[in-house]
Each structure stands twice: as C-alpha cells, then as structure tokens.
Amino acid sequence: MEEKNYKVKVQNVTKEYDLFKTQSEKLRSFFSISKNQVPHFWSLMGISLTIQPGETLGLIGVNGSGKSTLSNIISGIIPQTTGYVDVRGDTSIVAIRAGLRNNLTGRENIRLKSLMQGLTNEEIDEMMPDIISFADIGDFVDQPVKSYSSGMRSRLGFSIAVHINPDILIIDEALSVGDDTFYQKCVDKITEFKQAGKTIIFVSHSLKQIEMLCDKVAWINYGELKMVGETKAVTKKYREFTKWFKKLSKKEKHDFETERKNVQKNFSIKNYQKKVAAEMQAAAPDEKNVSSKVHKLFYGSVISEKMSVGNQLLTWGVLLVVLFFCLVNISGYSVGHVLSDPSVLIHPSDVLHLPNNK
Ligand SMILES: Nc1ncnc2c1ncn2[C@@H]1O[C@H](COP(=O)(O)OP(=O)(O)OP(=O)(O)O)[C@@H](O)[C@H]1O
C-alpha cells in the first residue's frame with residue numbers, strides 16, 4: 001500500500017561513466033562503430049529505494065561513493081544508464097558544484113532558475129527581495145557568480161531553492177560550507193519544509209546533521225546500496241564502518257579502496273541484469289517473460305547517451321553521401337557520369353559537364 005504512494009522511486013539504477021583522457025578521444029568514440037578500449041567506471045551499480053511523501057531521506061557514504069550521482073539523477077541533472085526513476089513532483093537541488101551559471105550575476109541566476117522552474121516574471125519580481133535578503137550576499141548579487149566564494153554560492157543556491165518552494169528539495173552538501181549563522185537559518189528553513197510535509201533528500205558527511213534532520217538514511221557504499229532504514233540504525237552501522245576503516249594501516253586502506261574501485265570498473269551490466277531476472281523469477285516462479293520485463297525495467301525509461309550502432313551507421317551514410325555530392329560538384333561532371341566512371345573524381349575537369357553536354 002505504502003509503496004504506491006511514494007514521492008520518489010528508483011529501481012535498479014546504474015550510472016556508467018566513460019573515462020576519456022582527452023576531448024578528441026571522446027569525439028572519436030562518439031563516431032566509432034567498433035567497441036573502443038576506453039575504460040569505464042560504474043558510479044552506481046544498481047540502486048533501488050523509495051522515498052515517501054513528507055519523508056527526509058539522508059544519503060551518507062565515503063567520498064566518491066555515488067551520493068551526488070544519485071541525487072543528480074533524481075533531480076534530472078544527469079540521466080541514469082539503466083533503471084527506472086519516477087519522481088512525482090518538481091525538484092529543486094542545492095549543490096556546491098551544480099545549479100548556478102558562473103557567467104551570470106546572482107540576480108540573473110535567480111531569474112533563470114525560477115523561470116526554469118516554471119515561475120512567471122511577475123512572481124519572480126515579487127520573490128526577488130526575499131531571495132536576496134535570505135542569501136545575504138550584499139552587493140555581490142550583481143556580480144558574476146564566478147567571483148563568489150563557495151559559502152556565497154551555497155547561500156544563493158539554498159535561498160533560490162527554498163523560495164521556489166519545490167515538492168522535493170535536494171540538498172547536496174550545501175550546508176557544510178556556510179558559516180554558523182547561515183547554517184542555523186538553513187536548518188530552520190529545512191525544519192519549516194519538513195513541517196509543511198515536503199519531501200527532502202539530504203546529502204551530508206555530517207552524521208550530526210543527518211541525525212538531526214533525517215527520518216530515514218540510505219548508506220551508499222562504492223556504488224552500492226549498503227543499507228537503508230531508520231536513521232539511528234544506519235548511522236550506527238556507518239560509524240562502525242568508519243571506525244574500522246580508520247584503524248587500517250595506510251596500505252590496507254589503499255588496498256581496500258583499490259579493490260572496491262576495481263569492482264566498479266569491472267562491473268558487468270549483463271550479469272547484473274541476469275541476476276535481477278533470476279531473483280524476480282525465484283520470487284514469482286509462475287511469472288512469464290521475466291527477462292523481457294527486466295529488460296524493459298532496465299532500458300524502458302532510459303535516454304541513451306551514446307549513439308546506437310544503427311544511428312552511427314546512418315550518420316556515416318549521410319556523411320558519405322554529402323561528401324560524394326561535394327566531390328561531384330568539384331569534379332565538374334554530372335552525377336550519372338561520376339557513377340559510370342568514378343575515376344573522374346580523382347581527375348576533376350576544368351569545364352562543367354552537364355548531363356547532355358556534347
Ligand atoms: N563526470 C564524471 N566522469 C567520470 N567519473 C565521474 C564523473 N562524475 C562522478 N564520477 C565518479 O563517480 C563516483 C561517484 O561520484 P559522486 O560525486 O557521486 O560521489 P559522492 O559520494 O557524492 O562523493 P563526495 O562525498 O566526495 O561528494 C566517483 O568515483 C567519481 O569519481
């Protein structure tokens with residue numbers, strides 16, 4: 001029952017990154033038909049969780065475990081590689097590294113983000129003084145955001161996000177860079193949001209903040225969902241893990257992290273898909289067409305970031321046709337003539353040869 005009323009649902013979500021060394025490598029890979037040798041990294045290896053309306057979910061995990069990747073997927077900034085993501089309502093994300101345009105001023109950013117969220121110019125004009133006053137960044141509001149300190153970016157980002165009044169507020173580490181006064185203002189605002197029954201996703205390294213604000217916590221560990229549940233139970237386990245990790249020698253820490261990262265590099269989406277299908281079949285032995293259902297679950301709502309082989313072949317075909325007509329044009333012969341004797345392309349004529357030219 002509860003499952004149906006969710007606000008956010010992610011199911012078997014993965015995220016793969018290609019680790020290109022240069023821009024040209026990226027471009028070559030885009031047009032390449034053969035499977036290239038660019039190393040891959042799976043930032044998420046199959047995350048499933050649901051968030052109920054009015055719930056504040058904390059995301060915890062060591063650096064690089066995939067918390068921002070997951071919150072960016074939920075907020076629609078980046079697409080997942082596979083899996084189902086259903087977000088019921090509009091989201092607004094506050095993150096240190098995302099959300100504001102560097103070349104625009106604070107005031108322009110306020111207008112842009114608000115317009116993107118569907119607000120009218122009149123509504124924005126009305127809200128503008130409140131947003132500026134909450135951010136408390138003084139004259140900097142008319143300076144380009146690239147001149148802001150990380151604390152100022154966070155202040156402005158947070159202020160815009162809460163004033164837009166989204167259904168789902170996502171806060172990614174944004175409280176860690178503000179000073180104490182601003183931090184308290186944010187906590188008060190988040191509490192206000194909670195009381196208004198809004199849904200919040202809160203990413204933080206501060207277990208104190210997590211324990212103070214979250215009803216439920218998901219621990220993401222090197223791309224996997226290690227544990228999800230009641231705040232106290234999950235933070236207890238996470239504290240045990242960090243305590244254990246801190247006690248390791250430098251070499252043991254390095255070996256542990258390398259081993260985890262290797263698992264993420266060598267993750268096989270095919271094997272994962274098979275595993276999910278086997279689990280689904282075991283849970284419902286009479287279920288028919290399980291593998292096609294799993295395929296739909298994995299790829300049904302995904303927009304591919306890469307060109308399919310078919311599209312690549314089509315692109316190459318179009319490029320070759322365009323090239324052919326360019327060469328025909330330069331050669332001075334007609335298309336029919338070139339088709340009957342392609343060698344004329346290598347020896348272009350000085351005179352224009354029309355089809356009936358005698
Ligand atoms: N654009 C990208 N290209 C390649 N790898 C990426 C990209 N973005 C993130 N990653 C990798 O994905 C992994 C997860 O990153 P993410 O930022 O989601 O982790 P995080 O848990 O939020 O980390 P932190 O606590 O340090 O903010 C990291 O190993 C990171 O290097």
Side-chain angles (χ1 to χ4, degrees), residues 8 10 13-30 36-49 57-83 85 91 93-100 150-151 153-154 157-158 170-178 200-210 214 217-228 234-235 237-239 241-242 245-246 253-267 269 272 303-306:
V8 178
V10 297
V13 163
T14 68
K15 180 69 188 174
E16 179 192 24
Y17 285 113
D18 288 326
L19 302 181
F20 297 108
K21 289 197 188 83
T22 58
Q23 283 298 323
S24 65
E25 200 174 80
K26 193 171 181 175
L27 196 66
R28 256 183 286 137
S29 148
F30 190 70
N36 51 34
Q37 292 308 306
V38 176
H40 301 267
F41 184 81
W42 290 84
S43 178
L44 298 177
M45 300 189 290
I47 304 282
S48 301
L49 52 87
L57 173 83
L59 288 184
I60 57 172
V62 297
N63 287 135
S65 53
K67 305 179 295 295
S68 296
T69 306
L70 182 60
S71 59
N72 285 344
I73 289 173
I74 293 172
S75 66
I77 294 177
I78 55 168
Q80 70 273 32
T81 302
T82 70
V85 179
T91 59
I93 184 165
V94 199
I96 305 168
R97 287 165 292 188
L100 299 175
S150 57
R153 292 177 73 97
S154 177
F158 191 90
I170 302 172
I171 305 162
D172 184 353
E173 275 297 343
L175 301 197
S176 57
V177 288
I200 303 170
I201 299 173
F202 187 67
V203 183
S204 181
H205 284 287
S206 161
L207 291 183
K208 256 174 135 179
Q209 289 177 10
I210 291 277
C214 302
V217 173
W219 170 9
I220 313 286
N221 197 40
Y222 298 96
E224 288 174 322
L225 181 66
K226 179 92 175 175
M227 194 177 173
V228 60
V234 182
T235 51
K237 285 281 172 209
Y238 183 65
R239 276 203 176 90
F241 165 78
T242 48
F245 187 75
K246 275 180 195 155
K253 277 181 189 154
H254 177 262
D255 290 350
F256 176 79
E257 284 180 329
T258 309
E259 191 266 324
R260 293 314 306 164
K261 294 279 170 196
N262 279 339
V263 171
Q264 287 182 272
K265 279 183 199 160
N266 299 322
F267 175 74
I269 190 67
Y272 176 58
I303 306 158
S304 178
E305 287 173 278
K306 293 175 185 169

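For ligands, and for the atoms within them, numbers begin at 1 and follow the listed sequence. Positions are given from 1 along the sequence.
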Counting each atom of ligand 1 from 1 as listed, which ones have a heavy atom of [X] under 4.0 Å away?
| X | value |
| --- | --- |
| S65 | 19 (O), 20 (P), 21 (O) |
| K261 | 29 (O) |
| F41 | 12 (O), 13 (C), 29 (O) |
| T69 | 14 (C), 15 (O), 16 (P), 18 (O) |

### Query
Between K15 (side chain) and F41 (backbone), is there a donor-acceptor pair under 3.5 Å?
no
Test item: [X] and [Y] side chains (from C-beta on) under 4.5 Å apart, heavy atoms:
| X | Y | value |
| --- | --- | --- |
| L57 | V8 | no |
| F267 | H40 | no |
| Y238 | V62 | yes |

### Message
Could you check whether any heavy atom of H205 sits closer than 4.0 Å to an atom of ligand 1, since that is the contact criterion I want to use?
### Response
yes
### Message
Let's go through T14 and T81 carefully: what are the C-alpha distance in whole Å and the side-chain angles of both, what is the deciding distance for side-chain hydrogen bond (donor to acceptor under 3.5 Å, both in side chains) to 0.1 Å, and is it a yes or a no?
### Response
CA-CA 5 Å; T14 68; T81 302; 4.6 Å; no
### Query
Does an N or O anywhere in S43 fall below 3.5 Å from an N or O of ligand 1?
yes
### Query
Side chain, backbone, both or neither: which part of Q264 comes within less than 4.0 Å of ligand 1 when only heavy atoms are counted?
neither
### Message
Taking the six-membered ring of F241 as reference, does the cationic atom of K237 (NZ for Lys, CZ for Arg) lie under 6.0 Å from its centre and within 45° of its axis?
### Response
no
### Winner among S71, G61, G64 once heavy atoms are compared against atom 28 (C) of ligand 1
G64
